[in-house]
Amino acid sequence: MQIATTRDVLRNAVDALRLQGAGRIALVPTMGALHEGHLTLVRRAQELADHVVASIFVNPKQFGANEDLSAYPRQLAADAAMLEAEGCALLWAPTVEEMYPQGFVTNISVSGVSEGLCGAARPGHFDGVATVVCKLFNQVQPDIALFGEKDFQQLAVIRAMARDLDLIRPHVDAIIGVPTVREADGLAMSSRNRYLLPEQRTQVAALPRAMRAAVVDLESGAPVADRLATLEADLVAAGFASVDYAVLADAVSLTPLSALVAGPARLLVAARIGGTRLIDNMAVYPERE
Ligand code: PAF
């Protein structure tokens, strides 16, 4: 696996992959600290494309002033070994100066879908995500790109950006969401799980458990506001310090729903325990006849 750290080397490496035949190139963007969830994206990318390019870049623009960018786990050598073992062709690992050279002044802001939920608690976060992902798309020009559904709002923001900016590589329909990978007790895999103390790690299994129970009730016709209030209370009773949001939303626009409608819906939750903020989401289907 080749590792590119400058745009010139990346461009030559991507050109070389394209010269190897008419194969499709998949991009798996990451911030490193790889776990099974990321490796699942790489494996799905291998199934859908001929060459997989992964990127590792801890993007300062998506961290708020009160979020500790310097504490974000960095383990480039270990991550590179994992990607190589999975058969990645190329790793794009630019420095901050390479990604945002002196004088960089552009910001991509996707309104609507990026404003509620995590966008409300993390102002500027999705601008940072959209800006770096647009740059990654332009730099690698992949045929497809894969993102975890774990960050469901991020996926919706990236799709809206690709649609609105007429991105060709990847086209909006070639942005692929991959189902969340979970631990044995149901907890969604996340680089943040490593911050949990042992007792908290046991407590947080309540998040997917309580959400799954809420999904069953919502699908059976439980009144939405009441059921979401019960979900929040269940999480606090299980040891979460607070719940940032527990929302039923339209699965595309992420507009909150007060009742299930015909289209796909999503239950989305963010909750805090100790200094860690966990997010999760699950599909909710309208009551079946
Ligand atoms: O999900 C992530 O790891 C990041 O937000 C992404 C998409 C790589 C952009 O920095």
Side-chain angles (χ1 to χ4, degrees), residues 4 10 26-42 44-45 52-64 67-76 78-80 82-83 88 90-96 98-100 104 106-110 113-114 117-119 121-140 142 144-162 165 167 170 172 174-181 188-195 254 268 270 276-281:
L10 175 74
L27 174 65
V28 178
T30 81
M31 296 209 300
L34 302 183
H35 50 65
E36 196 57 28
H38 298 108
L39 301 183
T40 301
L41 296 180
V42 173
R44 185 76 187 117
V52 179
V53 179
S55 65
I56 294 181
F57 178 65
V58 182
N59 175 31
K61 288 196 185 295
Q62 68 188 78
F63 285 77
E67 297 172 350
D68 197 354
L69 167 65
S70 60
Y72 197 86
R74 289 162 171 87
Q75 46 174 61
L76 186 61
D79 288 343
M82 282 189 249
L83 292 169
C88 261
L90 174 61
L91 170 59
W92 170 220
T95 59
V96 174
E98 186 70 18
M99 185 61 90
Y100 301 119
F104 185 91
T106 299
N107 182 55
I108 297 182
S109 189
V110 180
V113 72
S114 71
L117 306 171
C118 287
R122 305 181 70 190
H125 169 70
F126 288 118
D127 286 14
V129 170
T131 303
V132 81
V133 169
C134 188
K135 281 177 70 72
L136 289 167
F137 285 174
N138 285 332
Q139 290 160 347
V140 177
I144 61 172
L146 294 91
F147 297 86
E149 284 187 347
K150 157 84 173 25
D151 295 303
F152 200 77
Q153 189 175 13
Q154 166 172 283
L155 183 58
V157 169
I158 292 167
R159 284 190 169 130
M161 177 210 40
L165 297 184
L167 294 193
V172 56
I175 293 171
I176 292 158
V178 176
T180 302
V181 180
M189 287 194 186
S190 164
S191 311
R192 295 212 169 134
N193 296 350
R194 67 180 70 193
Y195 299 132
L254 300 191
L268 301 112
T276 309
R277 182 175 182 274
L278 298 180
I279 58 171
D280 201 347
N281 67 86

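Note that ligands are numbered from 1 as they come in the structure, with each ligand's atoms numbered from 1 the same way. The basis for the numbers below is simple: all heavy atoms, side chains too, and nothing from hydrogens, waters or symmetry mates.
- Each of the following atoms of ligand 1 lies closer than 4.0 Å to a heavy atom of Val132: 9 (C), 10 (O).
- Heavy atoms only, all atoms of each residue included: Lys150 and Ala188 are closest at CD-CB, 3.6 Å.
- Considering only heavy atoms from C-beta on, Phe137 comes within 4.5 Å of Leu27 through its side chain.
- Residue contact check: Pro29 has heavy atoms under 4.0 Å from atoms 8 (C) of ligand 1.
- Given atom 7 (C) of ligand 1, the protein heavy atom at minimum distance is Gln154 NE2, 3.4 Å.
- The line from CG of Leu268 to CD1 of Ile279 is 8.5 Å long, rounded to the nearest 0.5 Å.
- With a 4.0 Å cut-off on non-hydrogen atoms, Ile158 does not touch ligand 1 at all.
- Within the 4.5 Å cutoff, the side chain of Val157 has no heavy atoms near those of the Val133 side chain.
- Below 30°, between 30° and 60°, or above 60°: for Phe104 and Tyr100 the angle between ring planes is above 60°, a perpendicular geometry.
- Ligand 1 places these atoms under 4.0 Å from at least one heavy atom of Gln62: 4 (C), 5 (O), 9 (C), 10 (O).
- Numbered from 1 in the order shown, with element, the atoms of ligand 1 that lie under 4.0 Å from a heavy atom of Thr30 read 8 (C).
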